[in-house]
Amino acid sequence: MAVHCSCFADYLELIDWTGRCIRNDKKGFIGSNQPNILQQLGITPDAWLEHSEQFMEHYANVSGKWSRMCAFKQHAGGHWCKGKSASHQLHPN
C-alpha cells in the first residue's frame, strides 16, 4: 500500500493500528488512539479500515491520490491504473 508520509514512523504506526483493528472475529474495532497520520491525510478511520480490508477489490497493488497512483504505475511500466473511484473517496481533493 503506497502512502506518502512525512515520517516513516507515522506509516509504521498506521500499519500497526490497522492490523490491530482488523480482526477475523469481529467486524472492526476503532480505538480512541488512532494514528495522527489519518487526520493529517484527511481520511476517516472508518474509510481507512474499509479500504484496507477490501484493498484488492478497490486497487491493484497501489493506493493514494489518483494522480500519484497513475504516475507511479506509469513509472513502474504499467499503462492501466485501477482504483480511481476508491482513490477519490479517500482523497476527494
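Counting from 1, the numbers follow the sequence of the chain as shown.
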Trace of the side-chain contact (heavy atoms from CB on, under 4.5 Å) decision for H91 with W66
CA-CA 8 Å; H91 309 282; W66 180 244; over 6 Å; no

Would W48 and L41 satisfy side-chain contact (heavy atoms from CB on, under 4.5 Å), going step by step from the backbone distance to the final call?
CA-CA 11 Å; W48 175 261; L41 293 172; 5.7 Å; no

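Between atom SG of residue C81 and atom CE of residue M69 there is a gap of 4.0 Å, rounded to the nearest 0.5 Å. Here H51 contributes atom NE2 and D46 contributes atom CG; the two are 11.0 Å apart, rounded to the nearest 0.5 Å. Taking CH2 of W17 as the reference point, atom CG of L49 lies at 4.0 Å (rounded to 0.5 Å). If you take NZ on K65 and CG on L90, they are separated by 11.5 Å, rounding to the nearest 0.5 Å. Taken from CG in L38 to CD in E13, the straight-line distance is 9.0 Å, to the nearest 0.5 Å.
Remark: Q89 CD is packed, more than 12 non-hydrogen atoms of other residues, nucleotides or ligands lying under 6.0 Å away. Counting heavy-atom neighbours within 6.0 Å of Q39 CD, excluding the residue itself, gives a total of 12 or less.
Between the side chain of T18 and the backbone N or O of L14, at least one donor-acceptor pair lies under 3.5 Å.
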